[in-house]
Amino acid sequence: MPLALCASSHSPLIGLHDPAADIADEVHAQLAGARAFVEEFDPELVLVFAPDHYNGFLYELMPSFCVGAAATSVGDYGLPKGPLPVDRDAAYALARHALESGVDVALSEAMQVDHGFVQPLLFLFGSVEKLPPLVPVFINCVAEPLGPASRARLLGEAAGRALAESGKRVLIVGSGGLSHDPPVPRMESATPEVAERITHGRNPTAEQRRVRESRTVAAAGEFASGSTDFHDLNPEFDAFVLDAFESGDTTAFDERSTDWFVEEGGHSAHEIRTWIAAYGALSTQGDYEMTRRYYRPIKEWFAGFAVTTALPKATALPKATALPKATALPKATAQPKELAAQ
Ligand SMILES: O=C(O)CCc1cccc(O)c1O
Ligand SMILES: [Fe+2]
């Protein structure tokens, strides 16, 4: 099965609270490179692993994992609001396969998603209108208690096997920062008002959203100006994480405790689970090669910001050399255009 992967950080502060122009330009060039990679692959289906930030998943009912059979963007941080194109049959097939293999995913016929899903998709496809059919898979990365990270790997592997049966060109997306600890509320330290919001606070008013989002922007300003009230970014930890994925070691986090992620990378480092699932999915089809690896700690965006792409080794795109013309591929195998013949 033709697969490709893009795992990248997200930050809703992009465009709202930018670092120096040369740094923002550098990241946008990397995202444009990832977008070109996706255009060349031309996916027929996109499997997206992403977290949520108390917009679509709240303590009223908090699953560890949820497959969306239909999904709507809440439109936080000025992102487009409204329905997303979901391949409902593929979502059910994935859920069925995950459940059969012992991964207890929830299923939603009306999933609400936030910037965690929508921002990387927009970077990779340009607009909601240009999105191919999706299978959105939520991974809880903020609402404690969390299970072990190894469960995200098992989820990803089940998803990878399920989609292998589709025979389609599938792009796997992982969305989340490496080390980072922006001010996302925690039940443990929540005031009664905040506890109420992260339990029942679905669909806030535009004004409530504005206030909340301007607080995130203000906090990023303090962090970037040197405030030590926040867990610092940790480039050494992030390099360790990227090395693990680059070397194909998708089990690297199996023995790591949830506390380890927090101590090394801050609370939102749990978003690495989306990468563990994405690379786990890719790994089910054999060895892979990381074809892009970019990293920079960016305090203005509250993120150890990384962009990676990967392909299965067997179908790695040739480096600039033209392929010998159509080495008589059997027609029926529907190879993606421009992928190397075996
Ligand atoms: O609005 C929120 O709750 C958090 C926003 C946010 C900021 C920086 C990096 C992230 O990954 C992120 O999600
Ligand atoms: Fe996030």
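Both ligands and their constituent atoms are indexed starting at 1 by order of listing. Computed from a predicted structure; not experimentally measured. Every heavy atom of this structure was used, including side-chain atoms; hydrogens, water molecules and symmetry mates were not.
Numbered from 1 in the order shown, with element, the atoms of ligand 1 that lie under 4.0 Å from a heavy atom of Y77 read 1 (O), 2 (C), 5 (C). Under a 4.0 Å criterion applied to the non-hydrogen atoms of W301, ligand 1 contributes the atoms 8 (C). Contact atoms of ligand 1 toward H180: 9 (C), 10 (C), 11 (O) (distance under 4.0 Å to a heavy atom of the residue). Heavy-atom proximity to E271, at under 4.0 Å, picks out these atoms of ligand 1: 11 (O).
H97 places no side-chain N or O within 3.5 Å of a backbone atom of A95 that could act as its donor or acceptor partner. The backbone N or O of W260 sits less than 3.5 Å from a side-chain atom of S257, completing a donor-acceptor pair. Between the side chain of R169 and the backbone N or O of D42 there is at least one donor-acceptor pair closer than 3.5 Å.
Per residue E271, closest N, O or S atom to the Fe ion (ligand 2): atom name OE2.
From H231, atom NE2 reaches atom CD of E263 across 8.0 Å, with rounding to the nearest 0.5 Å.
By the 6.0 Å and 45° rule, K299 stacks over the aromatic ring of F223.
A chain of hydrophobic side-chain contacts below 4.5 Å, direct or via other Ile, Leu, Val, Met, Phe, Trp or Tyr residues, connects F123 to W301.
The proximity of P12 to ligand 1, defined as any non-hydrogen pair under 4.0 Å, is limited to the side chain.
Protein heavy atom nearest atom 4 (C) of ligand 1, with residue, atom name and distance: V184 CG2, 3.8 Å.
Note: Y295 and F305 fail the aromatic proximity criterion, with ring centroids not under 6.0 Å apart.
Inclusion of H115 in the set of residues having an N or O under 3.5 Å from an N or O of ligand 1 is warranted.
Geometry at the Fe ion (ligand 2): NE2/H10 and NE2/H53 form an angle of 100°, nearest 10 degrees.
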